[in-house]
Amino acid sequence: MNIQLKIKNVDSVETINIENVDNINSFEYEDSYGAYNKMSILDNGIIITRKAESHDSEIVLKENEKSFLVIKTKEGILEFDTKVLAFERNNDIITLVYKVNEDENSIEIKVVGASI
């Protein structure tokens with residue numbers, strides 16, 4: 001199956017088309033910055049692990065549980081609390097809306113051409 005991933009934040013919307021995904025609940029992709037990403041869909045949220053040249057990051061977004069963003073660089077580690085505002089799985093579309101500080105962001109995962 002193919003997936004269309006939209007990541008929206010205050011500054012931009014990034015749309016990534018991912019082909020030949022075997023498992024909607026766990027897949028890998030390269031973002032527009034050339035970083036490796038692994039996305040895991042849980043019953044109550046999403047975990048994204050990202051490895052880039054300058055830093056690694058992990059964002060854990062879970063409904064009704066501790067959610068956070070960790071960024072690791074050579075200079076040190078930054079950790080931000082996040083809050084999941086909404087998580088919905090409706091047929092072939094998964095949507096998660098969350099806040100980091102006061103900025104609202106969202107992730108939309110849409111299966112293209114096949115059902116979950």
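For the numbers below, each heavy atom of this structure counts, side chains included, while hydrogens, waters and symmetry mates do not.
Taking CD1 of Ile109 as the start and CD1 of Ile24 as the end, the distance is 6.0 Å to the nearest 0.5 Å. Remark: Arg89 CZ to Leu96 CG distance equals 12.0 Å, nearest 0.5 Å. The CG atom of Asn64 sits 12.0 Å away from atom NZ of Lys62, with the distance rounded to the nearest 0.5 Å. Distance check: Glu75 CD to Leu78 CG gives 9.5 Å after rounding to the nearest 0.5 Å. In this structure, the separation between OH on Tyr98 and CD on Glu104 is 10.5 Å, given to the nearest 0.5 Å. For the atom pair Lys8 NZ and Glu108 CD, the distance stands at 6.0 Å (nearest 0.5 Å).
In terms of hydrophobic clustering, with Ile, Leu, Val, Met, Phe, Trp and Tyr side chains grouped at heavy-atom distances under 4.5 Å, Ile107 and Met1 are assigned to a common cluster. Taken together through direct or relayed side-chain contacts under 4.5 Å among Ile, Leu, Val, Met, Phe, Trp and Tyr, Ile71 and Tyr33 form parts of separate hydrophobic clusters. Put simply, Val60 and Ile7 are part of two different groups of oily side chains (I, L, V, M, F, W, Y) that touch within less than 4.5 Å, one to the next.
Looking at Asn2 and Asn17, their side chains never come closer than 4.5 Å, going by heavy atoms from C-beta outward. Under the 4.5 Å side-chain criterion, counting only non-hydrogen atoms from C-beta, Thr15 is in contact with Gln4. Side-chain contact check for Val112 versus Ile3: every heavy-atom pair is 4.5 Å or farther apart. At a threshold of 4.5 Å between non-hydrogen side-chain atoms, the residues Ser26 and Lys38 count as touching. Val21 is not listed as a side-chain neighbour of Val111, based on a closest heavy-atom distance of 4.5 Å or more. In this structure, Thr82 and Leu61 have side chains that are in contact, with non-hydrogen atoms separated by less than 4.5 Å. Looking at Ile77 and Val70, their side chains come closer than 4.5 Å, going by heavy atoms from C-beta outward.
Although no hydrogens or angles enter the test, the distance criterion places no donor-acceptor pair under 3.5 Å between the side chain of Asn90 and the main chain of Ile93. Using modelled atom types, one side-chain atom of Glu14 and one backbone atom of Ser32 make a donor-acceptor pair closer than 3.5 Å.
Within 6.0 Å of CG in Asn23 there are more than 12 heavy atoms belonging to other residues, nucleotides or ligands. Applying the 6.0 Å contact sphere to CG of Asp22 captures no more than 12 heavy atoms from other residues, nucleotides or ligands.
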Practice item. Go through Ser106 and Val97 one step at a time and tell me if the side chain to side chain contact (heavy atoms under 4.5 Å, CB included) criterion holds. Key: CA-CA 4 Å; Ser106 68; Val97 180; 4.1 Å; yes
Exercise for review: Let me see the working for Val100 and Asn105 under side chain to side chain contact (heavy atoms under 4.5 Å, CB included), right down to the final yes or no.
Suggested key: CA-CA 8 Å; Val100 178; Asn105 308 286; 3.9 Å; yes
Review point. Can you check side chain to side chain contact (heavy atoms under 4.5 Å, CB included) on Thr95 and Phe87, steps first, answer last?
Key: CA-CA 6 Å; Thr95 306; Phe87 178 65; over 6 Å; no
Name the atoms and distances for all side-chain donor-acceptor pairs under 3.5 Å in residues 44-59, with sequence neighbours left out.
| residue | atom | partner | partner atom | Å |
| --- | --- | --- | --- | --- |
| Asn44 | ND2 | Glu65 | OE2 | 2.9 |
| Arg50 | NE | Asp31 | OD2 | 2.7 |
| Arg50 | NH1 | His55 | NE2 | 3.2 |
| Arg50 | NH2 | Asp31 | OD2 | 3.0 |

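Remark: the Tyr36 side chain and the Glu30 side chain contain no N/O donor-acceptor pair separated by less than 3.5 Å.
Remark: Asp81 engages Lys66 in a salt bridge, criterion side-chain N to carboxylate O under 4.0 Å.
The heavy-atom pair separating Leu5 from Met39 by the smallest distance is CD1-CE, 3.9 Å.
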